[in-house]
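To keep things clear, I will list the structure first and then write my remarks on it.
Letters go in sequence order (proteins before strands), and every chain restarts at 1. Just so we're clear, the structure is a prediction, and the values are computed from it rather than from any experiment.
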Amino acid sequence: MIKDFFMYGLKNMRHRQLRSWLTILGVVVGIAAIVSLITIGEGLENAITDQFSALGADKIRVIPEGLTGPPAEVSGLTDDDVDTIEDVIGVDWVAGVTMNYATVEYDNLETIMFIKGYPEDLAEEGKIDIDLGLVDGSWYRNGDTNVAVIGDAVANSVFDEEIRVNNNLLIDDEKFRVIGILEALGDQGSDTVVYIPLDYARDKFEMGDEVNAIVVAIEEGEDITEIGDKIAKDLERRRDDDNFDMFTPDQLLDQLGSILGVVQFLLGGIAAISLLVGGIGIMNSMYTSVLERTKQIGVMKAVGASRFEIMFIFLIEAGLIGLVGGLIGVVMGNVFAFAVEGVAGLMGFGLLRITIEWDIVAFALVFAFVIGMISGVYPSWKAAKLKPVEALRWE
Amino acid sequence: MKNSVIRLEDVWKIYMLDETEVPAVRGIDVNIKEGEFVSIIGKSGSGKSTTLNLVGCLDNASRGRIFLDGKDISKLDEKELARVRGRKIGFVFQTFNLIPSLNAVDNVKLPMIFQGYSEEKMEARSQKLLEMVDLGHRLDHKPSSLSGGERQRVAIARALANDPEVILADEPTGNLDTKTGEQILKFLIKLNKEKGKTLIIVTHDMYVAKKADRVIKLQDGKVIN
């Protein structure tokens, strides 16, 4: 019997083609919005997780207090702090890093870029602050001066001409030879960095013994939180202040994750409103359908349909409108998400990876069917309540 | 002596128009036997359609008792009335009342769906019934592509879907030309004579009425013959 009701619903939808499609469109928009926003949100979360995992889960970063977001030329940390941290038991190695913006020129094109001064001795040993390998060339060694290791975007997309190993750059009008090119990470920030030897950077940017950030690698098997606490305590004691912040990639990821959660919640809310509008559309359409088919309802009652069966028939039809809308919406939502991935890739944010989230697909379909059914409750009840004689008399 | 299949005892149907009571049927007594062919005639407003609706369980009587197959149906609730309609009564309407989105076979299936028959049985039976009304070649056609006479034949097939004891026809030839009307009437009479169905036709066409075993004439909601 239920199968027959489904068939009846489908046949009716086909019969009222234009109206059915317009109603379905309302659901499509809502479901497509929800699916694409959630899918893109998940992709974004994956992107951020990937990026932070490149920072290394076993590394603590220490920055001067008040410095959040992109690094700026703020200091407050010095070599003394680096030495203090080196003395903490459980610490593998410590890198004091400078960060400055400078004009970089190549092939007669100039641009402002982020220059990172990184210790030569650590670089030589391959102890780098991010987990990225080199696609070409090598890191610099102790005593190297005017050399640079550049990010993937610097090499391939920032300038018109591709930069290769042994090409020369001008950083603030001073010549640097490119000796290594990093792997791509996928986001502009990490891929447009230029590493130069720390000592040379300090001279060049007149930093004295200051560093902008300290990267601390923890020995294998040590508890990162415990070591972090020790570092904080020793730093506070030596500096006699707590004007510094410490974070691990995990902590930052948690923070970003919760911000992303709020954003996703808000976007989901907006999408839910559009779905609500779609639901009202179904209700309107079903209500009209009940009015139009009053006589049919009378006939069905005359041939033996009970109130419950009439209600069921109309509910299923409303649910089907929702389900068909849901199916199309899921496909369109995913297509849209993949399109955003493509556009993001073209714009240099190649880290965004969209995958079809099957649990969201399943949820969206069930949700669409249920929204349809709920929207159909009132019209169906109106239909079921009609008296057969009155319904048959309807013109 | 054949059993009584329908019996109306002092049946009244009173409608309320604003605060005023408008009696459409005023205390009629009718007894129709199994296999009988009865026509109900009367002018517009005489109460003939109301009577048919009461007999067909489409409406409740305000007063009096209605027996179908010896069972008092005047006090049944909605759900029970739906069951009785589905099993015991087949309707043929003046305006055919087919479902436009369904083809001939599906229209005939409709009453069987509510009785919960299997798909195979419904399919086979609707085909057989459509062949019986000479529409074996029109199974997949929707009402919009059928002529008036063909539509009424689909409606007759539909009325027979659950093999009911009683066929109630409300002006079955009213929307058809004379020749087609004649053909439809023949089908209905055939059901009565050959299949032994009790046939009740409401009409104002005396030609149709006179074909019946008995004519019940209504006037102002009362039986006058």
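In terms of heavy atoms, Phe114(B) sits closest to Glu309(A) at CD2-OE1, 3.5 Å. Summarising the geometry of Phe91(B) relative to Ala302(A), their closest heavy-atom pair is CE1-O, 3.3 Å, with the distance given to 0.1 Å. In terms of heavy atoms, Arg83(B) sits closest to Gly304(A) at NH1-O, 3.4 Å. For Ser306(A) against Ala82(B), the heavy-atom pair with the smallest separation is CA-CB, 3.9 Å. Nearest approach of Asp4(A) to Ile113(B), heavy atoms of both residues: CB-CD1, 3.7 Å.
No part of Glu80(B) comes within reach of chain A, as not one of its non-hydrogen atoms sits under 4.5 angstrom from that chain. When heavy atoms are compared at a cutoff of 4.5 Å, Ile313(A) approaches chain B solely by way of its side chain, counted from C-beta outward. Of the two parts of Met122(B), only the side chain, counted from C-beta on, holds a non-hydrogen atom closer than 4.5 Å to a non-hydrogen atom of chain A. Heavy-atom distances place the side chain of Asn53(B), and not its backbone, under 4.5 Å from chain A. When heavy atoms are compared at a cutoff of 4.5 Å, Phe5(A) approaches chain B solely by way of its side chain, counted from C-beta outward. Neither the backbone nor the side chain of Pro164(B) has a heavy atom closer than 4.5 Å to any heavy atom of chain A. Interface remark: Val299(A) contributes side-chain atoms only to the contact with chain B (heavy atom separation under 4.5 Å). Neither the backbone nor the side chain of Arg87(B) has a heavy atom closer than 4.5 Å to any heavy atom of chain A. Neither the backbone nor the side chain of Thr50(B) comes within less than 4.5 Å of any heavy atom of chain A. Neither the backbone nor the side chain of Tyr117(B) has a heavy atom closer than 4.5 Å to any heavy atom of chain A.
Under a cut-off of 6.0 angstrom, the local environment of OH in Tyr15(B) is crowded, with over 12 non-hydrogen atoms contributed by other residues, nucleotides or ligands. By the 6.0 Å contact criterion, NE2 on His204(B) is open, its count of non-hydrogen atoms from other residues, nucleotides or ligands being 12 or less. A 6.0 Å sphere centred on CZ of Phe338(A) holds more than 12 heavy atoms belonging to other residues, nucleotides or ligands. More than 12 heavy atoms of other shown residues, nucleotides or ligands fall within 6.0 angstrom of atom CE in Met132(B).
Contact tally against chain B (heavy-atom pairs below 4.5 Å) for Lys295(A), Arg307(A), Glu390(A): the top residue is Arg307(A). Most heavy-atom pairs under 4.5 Å with chain A: of the set Ser49(B), Ser118(B), Gly86(B), Ala159(B), this distinction falls to Gly86(B). The residue among Gly298(A), Ala391(A), Pro388(A) with the most heavy atom pairs within less than 4.5 Å of chain B is Pro388(A).
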Worked check of side chain to side chain contact (heavy atoms under 4.5 Å, CB included) between His15(A) and Leu102(B): CA-CA 9 Å; His15(A) 192 70; Leu102(B) 303 180; over 6 Å; no

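The CG atom of Asn60(B) sits 7.0 Å away from the NZ atom of Lys387(A) when rounded to the nearest 0.5 Å. In this structure, Tyr8(A) OH and Ile99(B) CD1 are separated by 4.5 Å, a value rounded to the nearest 0.5 Å. Atom-to-atom distance recorded for Ser101(B):OG and Met7(A):CE is 11.0 Å, nearest 0.5 angstrom.
With respect to the salt-bridge test (charged N to carboxylate O, under 4.0 angstrom), the residues Lys11(A) and Asp106(B) qualify.
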